[in-house]
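Shown next, in structure tokens, is the structure this report addresses.
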Amino acid sequence: NKPKENKETINSDYVKNLTKEIEYITSTKNGEIIKIFAKSGKTNLKNNNILKLEDVNGTISSKEKSNVYISSKFAEYNFLEQNSKFYVDVEIKYINRVIICDNFDLKINDNIAVAYNNVIIKDNNSLMKAEKVTMNILTKDILIESQKKIEINTK
């Protein structure tokens, strides 16, 4: 009896494009440093400027303001524009707040970050639901937008 061969078909395009343990660092006009780390990623075959990332963690650090921490299951990083789009299980932590959402776009050239789709903002005293939250990366100020009534629960 011959041992059974284990034949697995591997998509060669996927393997060629797969990179493990990716880190990229960029900075804003004001000197904030943005670091993004992903367990793996691959280039988009249709647009080489876009890198698709998995298991993503990032920080926005500043000398004068508190750090912002970002995590998500997936993200896309555009080399040309230096913008990132985080999606699936997105969590943003800064000061004593946590923002949970489906999507989070980091627009470095505009110095803004936008959380949208099922946004929940939590701090020590309250929980708020909104449609969209825009954060100024430089000042860390946030703007909460919602067509519907903004729901706030306090402890």
Side-chain angles (χ1 to χ4, degrees), residues 14 17-155:
Y14 181 80
N17 290 328
L18 183 67
T19 307
K20 293 196 176 205
E21 295 186 0
I22 298 167
E23 183 175 41
Y24 65 86
I25 301 169
T26 189
S27 60
T28 65
K29 295 170 194 160
N30 239 25
E32 282 76 16
I33 296 171
I34 299 165
K35 292 182 184 180
I36 304 293
F37 176 80
K39 284 190 179 173
S40 65
K42 62 179 182 171
T43 52
N44 183 321
L45 296 175
K46 293 177 185 170
N47 183 347
N48 289 335
N49 292 321
I50 295 176
L51 185 63
K52 296 187 83 150
L53 307 170
E54 276 189 52
D55 295 324
V56 187
N57 288 293
T59 58
I60 302 171
S61 55
S62 163
K63 291 178 185 169
E64 289 124 29
K65 302 284 181 178
S66 297
N67 287 355
V68 176
Y69 301 95
I70 307 160
S71 65
S72 68
K73 184 69 180 148
F74 303 103
E76 286 185 1
Y77 175 65
N78 186 314
F79 290 103
L80 216 59
E81 299 170 359
Q82 291 191 340
N83 291 338
S84 301
K85 293 177 177 275
F86 300 84
Y87 53 100
V88 182
D89 299 332
V90 181
E91 187 174 271
I92 303 108
K93 295 179 181 179
Y94 72 105
I95 311 172
N96 65 343
R97 293 186 186 105
V98 176
I99 300 174
I100 298 167
C101 57
D102 293 340
N103 300 87
F104 181 68
D105 295 352
L106 192 54
K107 300 176 182 182
I108 295 167
N109 291 334
D110 297 331
N111 291 314
I112 62 166
V114 182
Y116 54 101
N117 293 331
N118 300 311
V119 180
I120 297 171
I121 306 164
K122 296 191 247 183
D123 65 21
N124 296 338
N125 302 314
S126 64
L127 182 140
M128 181 185 315
K129 293 180 182 179
E131 289 176 16
K132 181 177 169 184
V133 174
T134 303
M135 177 194 294
N136 181 311
I137 296 171
L138 306 179
T139 64
K140 307 297 189 278
D141 292 335
I142 62 171
L143 171 66
I144 300 166
E145 300 174 57
S146 199
Q147 295 287 338
K148 301 175 191 170
K149 197 173 171 181
I150 296 172
E151 186 181 318
I152 303 172
N153 298 316
T154 56
K155 291 181 181 178

Subject >> Spacing of Thr134 atom OG1 and Asp105 atom CG [to the nearest 0.5 Å] >> reply: 10.0 Å
Original post:
Between CD1 of Ile120 and SG of Cys101, what distance do you get to the nearest 0.5 Å?
Top reply: 9.5 Å
**OP:** Indicate the atoms forming the closest heavy-atom contact of Ile22 with Ser40, along with that distance.
**Re:** CD1-C, 3.9 Å
**OP:** Grab the two heavy atoms, one from Glu131 and one from Val119, that are nearest each other, plus how far apart they are.
**Re:** O-CG2, 3.6 Å
**OP:** Could you grab the distance from atom CG of Asp55 to atom CD of Glu21, nearest 0.5 Å is fine?
**Re:** 11.5 Å
Original post:
Does any donor atom in the side chain of Ser84 or Tyr24 lie under 3.5 Å from an acceptor atom in the other side chain?
Top reply: yes
Original post:
How many angstroms lie between atom NZ of Lys122 and atom CZ of Arg97, to the nearest 0.5 angstrom?
Top reply: 14.5 Å
Original post:
For Tyr77 and Gln82, what are the C-alpha separation, side-chain angles and deciding distance, and is it a side-chain contact (heavy atoms from CB on, under 4.5 Å)?
Top reply: CA-CA 7 Å; Tyr77 175 65; Gln82 291 191 340; 3.7 Å; yes
Original post:
Any side-chain donor-acceptor pair under 3.5 Å between Tyr87 and Asn117?
Top reply: no
**OP:** Please report the shortest heavy-atom distance between Ala130 and Ile144, naming the atom on each side.
**Re:** CB-CG2, 3.5 Å
Original post:
Can you tell me how far the OG atom of Ser66 sits from the CD1 atom of Ile60, to the nearest 0.5 Å?
Top reply: 12.5 Å
Original post:
Which atom names give the shortest non-hydrogen contact between Thr59 and Tyr69, and what distance separates them?
Top reply: CG2-CD2, 3.3 Å
**OP:** Check whether any side-chain heavy atom of Lys85 sits under 4.5 Å from a side-chain heavy atom of Asn103, and report yes or no.
**Re:** no
Original post:
Minimum heavy-atom separation for Asn83 to Asn109, with atom names?
Top reply: OD1-N, 4.3 Å
Subject >> Ile121 side, atom CD1; Ile142 side, atom CD1 - distance, nearest 0.5 Å >> reply: 4.5 Å
Subject >> Minimum heavy-atom distance Phe74-Val56, with the two atoms named >> reply: C-CG2, 4.0 Å
**OP:** Measure the shortest side-chain to side-chain distance between Tyr94 and Ile99 over non-hydrogen atoms and say whether it is less than 4.5 angstrom.
**Re:** yes
